[in-house]
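Hydrogens, waters and symmetry mates are skipped; everything else that's a heavy atom, side chains included, is used. One-based numbering, in listed order, for ligands and for the atoms of each.
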Amino acid sequence: MNDMSFAYQAVTLKRELVRPRSMLVDGRWVAAQSGETFPTYNPSTGEKLSELQSGDQQDINIAVAAARSAFEGPWRRVKAHERQKLLIRLAELVDRHFDELNLLDSLDMGAPVGVTSPIYKRRSVGRVLYAVSSALQIKGETIQSSLPGEILSYTVKEPIGVVGAIIPWNGPLGMAIWKVAPALAAGCTIVLKPAEEASLSTLRLGELIGEAGFPDGVVNIITGYGHTAGAALSAHPDVDKVAFTGSTEVGQAIIRASAGNLKRLTLELGGKSPNIVFPDANMEQAIPAAAMAGFANSGQACIAGSRLYVHRSIFEEFAQAVAAFGQGLKIGDSLDPDTRIGPLVSERQLERVTGYMRVGTEEGARAISGGARITEGDLAKGYFVPPTVFTGVSDSMRIAREEIFGPVISAMPFDTEEEVVQRANATPYGLSAGVWTKDISRALRMSRLIRAGSVWVNCYAAIDAAVPFGGYKMSGHGREGGMMHLDNYLETKAVWMKEE
Ligand code: NAP
Ligand code: MG
């Protein structure tokens, strides 16, 4: 797609978006029972994009009932190879309509199209295709038990049932697909609640799911707030499993809400990931990668490399180079193809991030780049903050401990390997980590000793549908990606057969 067509398509989309959006329940597009709606905004400009239905408990009840009857009814009889065919069609539709889906996210939550277009297509389509391949991999085993007599034992895998999926706003399309596709491959039905700040691409995905031919009620989409629609979905007694991506705090609320009927849970939660640079690293690669580990998606990434540990011998130089790299990134409207850093998603997120910038300074750290909202020129209308690097940070400061979810890197020097391992692990989170070194033994040691779900050596943020992704400690439960992902949507039944 060339530059002109981004702008052209965006104008067409904006015109289309003016109409109020409805929700997908049992194959029909409906309004909320309450008649309530809420607005969604373009964070690059602060302008309103569209009006969405404010679904609540009543709508969740209807959607869960639809998902239940689809599960007990026609969907249960759809064989794996038929689910595979439907998913292949969905993959084709996501591929064909990717630019539109991606533009919707850019408009709605501010990710720069120039960055996301080349990367997210492969990722989004790839996630559906992986589900296509996994649909036929569902299998049990025959097991030799030690019970006396002729008794055969084997396992079968069955779909868990009705899944409630709740996703955040920082990568809406990819996240919606990573919930829906494996659940469908497994034979589950779904009620999906996107984040109120960015629901548009999920609603469009719902239309494509219908076009692909999935039966009514198999996928339902309820827009609305977390404290109403989200809370109702996670507490619903007829939902068998909740797949959640979001903050650790809401993850804990979901664990509590799940207790009523002991829902199965997968939780992809927050992080405060260490990115560790040794003096023998390839600096040409490590500098831009360390910067983008912290600044990509304006730092609104669960895997953000927000704690940058650099060996003391190269600390000053490296921190300055990361700051300079950040200063060279073009900040702008998410639809400008040259933009590398878009806005934060909302005014609320802007307050959170600038609040942390103030706290950092008050606690004695020093911003060597960035450090405050952009208040001049065109960007003043949107929620823009520049890439920020803090030095003079100690491990006990809040900017070194808490997830900021903005383009803020806390750079800290270290002296020894043992020390940095201990400091890297001294966090309640355990989502991911980066290690930069050419020493293979050190790379092996570091990857063994760091307690995190993903460890990237001489790279950062590599994610693929075939590879498990998820958190240790308070970064979550379960894994998405790989065959474990599908298993999260399956129950295991042991069958015993005795010869008469
Ligand atoms: P959030 O506040 O936890 O919201 C996530 C979703 O949960 C939204 O749809 C939200 O609804 C909903 N929600 C809020 N309160 C709820 C409740 N009481 N019950 C049920 N659902 C509720 O997170 P966010 O601010 O959108 O996203 C940022 C967080 O997500 C960060 O902590 C980040 O690290 C994490 N994240 C993790 C991963 C991962 O894979 N590990 C990936 C991306 C993001 P509304 O927002 O519509 O009210
Ligand atoms: Mg929005």
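Between G226 and ligand 1, at least one pair of N/O atoms sits closer than 3.5 Å. Looking at W169 next to ligand 1, an N or O pair under 3.5 Å apart turns up. Note: an N/O pair closer than 3.5 Å links G246 and ligand 1 by distance alone. Considering both main-chain and side-chain atoms, T245 never comes within under 3.5 Å of ligand 1 through any nitrogen or oxygen pair. Annotation: I254 places no N or O atom under 3.5 Å from an N or O atom of ligand 1; distance criterion only. Ligand 1 has no nitrogen or oxygen under 3.5 angstrom from a nitrogen or oxygen of A301. Checking only distances, T248 never comes within under 3.5 Å of ligand 1, N or O to N or O. In terms of polar-atom proximity, defined here as any N/O pair under 3.5 Å, R348 makes no such contact with ligand 1.
A salt bridge is defined here as a Lys NZ or Arg NE, NH1 or NH2 lying under 4.0 Å from an Asp or Glu carboxylate O, and E491 with R264 meets this definition. Between D238 and R68 a salt bridge is recorded (basic side-chain N to carboxylate O distance below 4.0 Å). Under a 4.0 Å N-O distance rule, the pair D105/R204 does not qualify as a salt bridge.
Not a single heavy atom of G471 sits under 4.0 Å from any atom of ligand 1.
Closest to atom 20 (C) of ligand 1, if we only count protein heavy atoms, is G230 C, 3.2 Å. For atom 9 (O) of ligand 1, the nearest non-hydrogen atom of the protein is I167 O, 2.8 Å.
Remark: atom 4 (O) of ligand 1 lies closer than 4.0 Å to no protein heavy atom.
Taking every heavy atom of E403 and a limit of under 4.0 angstrom, the matching atoms of ligand 1 come to 31 (C), 32 (O), 33 (C), 34 (O). Using a 4.0 Å cut-off to heavy atoms of K193, the atoms of ligand 1 that qualify are 9 (O), 11 (O), 45 (P), 47 (O). Those atoms of ligand 1 with a heavy atom of E196 less than 4.0 angstrom away are 45 (P), 46 (O), 47 (O), 48 (O). Counting the atoms of ligand 1 from 1 in the order shown, those under 4.0 Å from a heavy atom of M175 are 43 (C). Taking every non-hydrogen atom of P168 and a distance limit under 4.0 Å, the qualifying atoms of ligand 1 come out as 26 (O), 27 (O), 43 (C), 44 (C). Atom numbering of ligand 1 starts at 1 in the shown order; those under 4.0 Å from a heavy atom of L269 are 34 (O), 37 (C), 38 (C), 39 (C), 41 (N). Those atoms of ligand 1 that come under 4.0 Å of a heavy atom in Y225, given as number and element, are 48 (O). Those atoms of ligand 1 with a heavy atom of N170 less than 4.0 angstrom away are 43 (C), 44 (C).
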Check the pair K263, S234 against side-chain hydrogen bond (donor to acceptor under 3.5 Å, both in side chains), reporting the backbone distance first and the verdict last.
-> CA-CA 9 Å; K263 287 180 187 65; S234 47; over 6 Å; no

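Neither the backbone nor the side chain of I303 comes within contact range of ligand 1; no heavy atom lies under 4.0 Å. By the criterion of a heavy-atom distance under 4.0 Å, the side chain of E197, and not its backbone, is placed next to ligand 1. When heavy-atom distances to ligand 1 are checked against a 4.0 Å cut-off, E249 has no atom that comes that close, whether in backbone or side chain.
Within 6.0 Å of CG in N261 there are more than 12 heavy atoms belonging to other residues, nucleotides or ligands. Annotation for E47: atom CD counts as buried by contact number, over 12 foreign heavy atoms lying within 6.0 Å.
Distances shorter than 2.8 Å separate the Mg ion (ligand 2) from the protein N/O/S atoms T40 OG1, Y41 O, D108 O, D108 OD1, E197 O.
Remark: E196 engages no residue in a salt bridge (charged side-chain N to carboxylate O under 4.0 Å, His left out) (not counting sequence neighbours).
Between Y41 and W169, the distance from one ring center to the other does not fall under 6.0 angstrom.
With S298 as reference, L344 is the one residue of N170, L344, V385 to meet the side-chain contact (heavy atoms from CB on, under 4.5 Å) rule.
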